[in-house]
Amino acid sequence: MLCSYGHGFSGAAGHDARSVLMDVVAHIQAGEQTDTPWRFRLDELAWRDMVDLLKHDDLPFVGLWCDGVDVHALFLPEGYPLAATLALEGGRYPALSPARVASSLYERTIYDLYGAEAMWAVDVRPLLDHDVWSATAPLSSAPGRGGQHKGLVSFQPSDAMSAARGRVDGRGPATGGLAPPFYTRLVLSGSVVACGETQTGYAHRGVAARARHARVEDVCRLSARVAAGCSVAHQVAFCQAVENACGQSVGAEIALLRVALLEMERLFQHLYTLAALARLAGAHLVASHCMALREKLVAEAAPVTGSRLLMDVCIPGGLSVRETAQMAQLCTQLYEIGQQAYPQLVLLWREYPGLSALLARVGQVQADDLERIGLDGPVARAAGWDCDGRRIMPAYDGLWRYTSGRQGGTAEDRALLLLDEVEESLRILDLASARIGLAPAANHTLSVQDGEGTGLVEGPWGGVLYWVRLAHGRVAEAFCRKPETAALLVFEQVLPTHAAEDVELLACSLGVNAAALDG
């Protein structure tokens, strides 16, 4: 529920919800104050009371992580960070998943990496470590002996999956394509999915381990590689977190250039997603038009930004763009190229035989379910949930406008929303070009100080948030909230009743990304 900032209540029921929400916030703030103004330490009883209170409120949940000594839960009331910290007791802590379903994936990750057990968790299956690592709990103070099944990963179903009856089918993890390894187990009733679950971890890269006690610039570079197509969003969110931890901020020109890069990335990634959706739906002509436009835009941007994938274009305190002085001209060129091709692309998409009908029967989701699970971004906006992280970024003032208005929550609604946002990103680039100065923007020399900070950015698939703790000039710990976590839960939830042949199309439309999930 990351984008619940600005969420309003009305009537008597609304006042009750607001009262409960404030009770939870007050409960956390009644804990022991830490060196960070918005993080409070609770004892186990207070943590358990917090979990009970969270079952009856709308406090936006960001994520849960561990540092080997403590476990931390981060919330976002009214768009501001609020964290609760609990010391591990005997390597255990009360689970948050009974109150926040999305935290189950974080709890499973924590157990795999640190060996810290979430008591009363809703799901205790491994998420990353499938008994093939060289050591168990590798980030704990005393890693254990690794599994004995090197290279052989077996699927571990939930009780519900074990009890399901029907023909069993599986997709992945190796497909022979470019997609990262990802396994989906299906129980079919005829050709329709009766039950479905996933298994990840095949592409685990050890991002958490590589970020610990690393140089700030190295973690910044690492953040650009967490999720393909979302590099700028991760870099900017990480840089904001570092800058906030240091009590410093960038100038208006740098902030505006970051906005331009974020919108370029949104433009490129939306076109890539639309091409993938069209290809999976059998509309290869539409897919080729989407990729042709994307290639024209990427080819224009690469010489200026220095990267086709927009990697390594942002650093704490500034930018790392090859030709900063040409950014205004680039924004104009991208707008002109896009505007020339966009009307034909929209017409082709809307009139291609059978495309809308196929997408309209795939992946319908409700805004209330998305808010409960915590999946924001275009998936939520296409279901009628008014959420967009650009609303709270000052650099977007006068540039951004809310573009959704769709309510159906189907794959067709999501595709049409992406088309709308392509046009909106082009418009933002056009407006930004008039504001960007001709002289190269100057980076700010960042003095790295001990502290904690968060940074939030609206990426192509939703809110990307980083929390960092800096110590002795390095990144002591880092945590990343990414929309792919909640997307996996939504994917599993809506799999039943879908045709088996539509599984890959459903995953694409929801933004499921195995590499980003595995970390």
Side-chain angles (χ1 to χ4, degrees), residues 224 228-233 235-236 250-276 286-315 318-349 378 390 393 395-401 403 417-443 457-460:
C230 301
S231 294
V232 179
Q235 291 171 85
V236 174
V250 298
E253 183 80 356
I254 291 292
L256 181 60
L257 288 169
R258 287 180 176 179
V259 163
L261 290 167
L262 285 165
E263 293 307 311
M264 289 179 198
E265 177 170 79
R266 194 180 325 278
L267 186 60
F268 301 164
Q269 182 61 22
H270 280 4
L271 288 170
Y272 184 88
T273 301
L274 288 165
V286 181
S288 66
H289 275 255
C290 292
M291 287 304 289
L293 175 55
R294 181 184 182 274
E295 178 57 31
K296 286 182 181 179
L297 297 171
V298 168
E300 197 73 31
V304 177
T305 62
S307 170
R308 284 179 55 89
L309 298 178
L310 298 179
M311 288 185 176
D312 307 323
V313 296
C314 186
I315 58 175
L319 297 174
S320 182
V321 175
R322 179 180 294 171
E323 302 290 348
T324 311
Q326 297 182 24
M327 283 291 290
Q329 182 182 357
L330 173 61
C331 290
T332 299
Q333 291 170 337
L334 295 182
Y335 170 75
E336 292 174 350
I337 293 172
Q339 281 296 101
Q340 183 177 3
Y342 180 78
Q344 182 182 0
L345 178 60
V346 172
L347 183 64
L348 179 62
W349 186 283
R390 289 174 287 185
M393 293 182 65
Y396 273 99
D397 288 349
L399 298 176
W400 170 82
R401 64 184 180 187
T403 57
L417 175 65
L418 295 185
L419 281 169
D420 291 343
E421 292 194 350
V422 164
E423 184 179 30
E424 174 66 2
S425 292
L426 290 170
R427 189 190 67 86
I428 291 176
L429 289 174
D430 183 43
L431 293 176
S433 66
R435 299 187 182 186
I436 297 173
L438 296 178
N443 290 340
V457 166
E458 180 72 17

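The structure places OH of Tyr396 at 10.0 Å from CG of Leu256, a figure rounded to the nearest 0.5 Å. Annotation: the span from Arg322 atom CZ to Asp312 atom CG amounts to 11.5 Å, rounded to 0.5 Å. For the atom pair Tyr342 OH and Glu423 CD, the distance stands at 4.5 Å (nearest 0.5 Å). Here the OG1-CE distance, from Thr305 to Met327, works out to 7.5 Å after rounding to the nearest 0.5 Å. Distance check: Glu424 CD to Leu399 CG gives 9.0 Å after rounding to the nearest 0.5 Å. For the atom pair Thr324 OG1 and Leu257 CG, the distance stands at 7.0 Å (nearest 0.5 Å).
Pairing each heavy atom of Glu323 with each of Pro303, the nearest pair is CG-O, 3.9 Å. Closest heavy-atom contact between Gly338 and Leu297: N-CD2, 4.3 Å. Closest heavy-atom contact between Pro460 and Gln269: CB-CG, 3.8 Å. Heavy atoms only, all atoms of each residue included: Arg435 and Gly398 are closest at NH2-O, 3.4 Å. Of all the heavy atoms in Leu274 and Cys290, the pair that sits closest is CB-SG, 3.9 Å. Nearest heavy atom pair, residue Leu429 against residue Cys331, reads O-CB, 3.4 Å.
Proximity of a side-chain donor or acceptor of Gln235 to a complementary backbone N or O of Leu310 within less than 3.5 Å is detected. At least one donor-acceptor pair under 3.5 Å links the side chain of Glu253 to the backbone N or O of Gly437. Side-chain atoms of Ser425 never come within 3.5 Å of backbone atoms of Val422 as a donor-acceptor pair (strictly under, hydrogens ignored). Side-chain N or O atoms of Glu265 include one that pairs as donor or acceptor with a backbone N or O of Ser231 at under 3.5 Å.
Within the 4.5 Å cutoff, no side-chain heavy atoms of Phe268 are placed close to those of Val232. Under the 4.5 Å side-chain criterion, counting only non-hydrogen atoms from C-beta, Pro378 is in contact with Leu418.
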Give the C-alpha distance, both sets of side-chain angles, the deciding distance and a yes or no for side chain to side chain contact (heavy atoms under 4.5 Å, CB included) between Val457 and Arg258. CA-CA 11 Å; Val457 166; Arg258 287 180 176 179; over 6 Å; no
Let me see the working for Val236 and Leu261 under side chain to side chain contact (heavy atoms under 4.5 Å, CB included), right down to the final yes or no. CA-CA 10 Å; Val236 174; Leu261 290 167; over 6 Å; no
Thr332 vs Ser433, test: side chain to side chain contact (heavy atoms under 4.5 Å, CB included). Steps then yes/no. CA-CA 6 Å; Thr332 299; Ser433 66; 3.3 Å; yes
Steps toward side chain to side chain contact (heavy atoms under 4.5 Å, CB included) verdict (Leu345, Leu293): CA-CA 9 Å; Leu345 178 60; Leu293 175 55; 4.1 Å; yes
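With respect to Met264, the side chain to side chain contact (heavy atoms under 4.5 Å, CB included) criterion is satisfied by exactly one of Val313, Leu330, Val304, Val259: Leu330. Partner of Ile428 under the side chain to side chain contact (heavy atoms under 4.5 Å, CB included) criterion, chosen from Arg266, Arg390, Arg401: Arg390.
Contact check on Glu263 versus Arg427 returns no salt bridge, with no Lys/Arg side-chain nitrogen under 4.0 Å from an Asp/Glu carboxylate oxygen.
More than 12 heavy atoms of other residues, nucleotides or ligands sit less than 6.0 Å from atom CD of Gln339.
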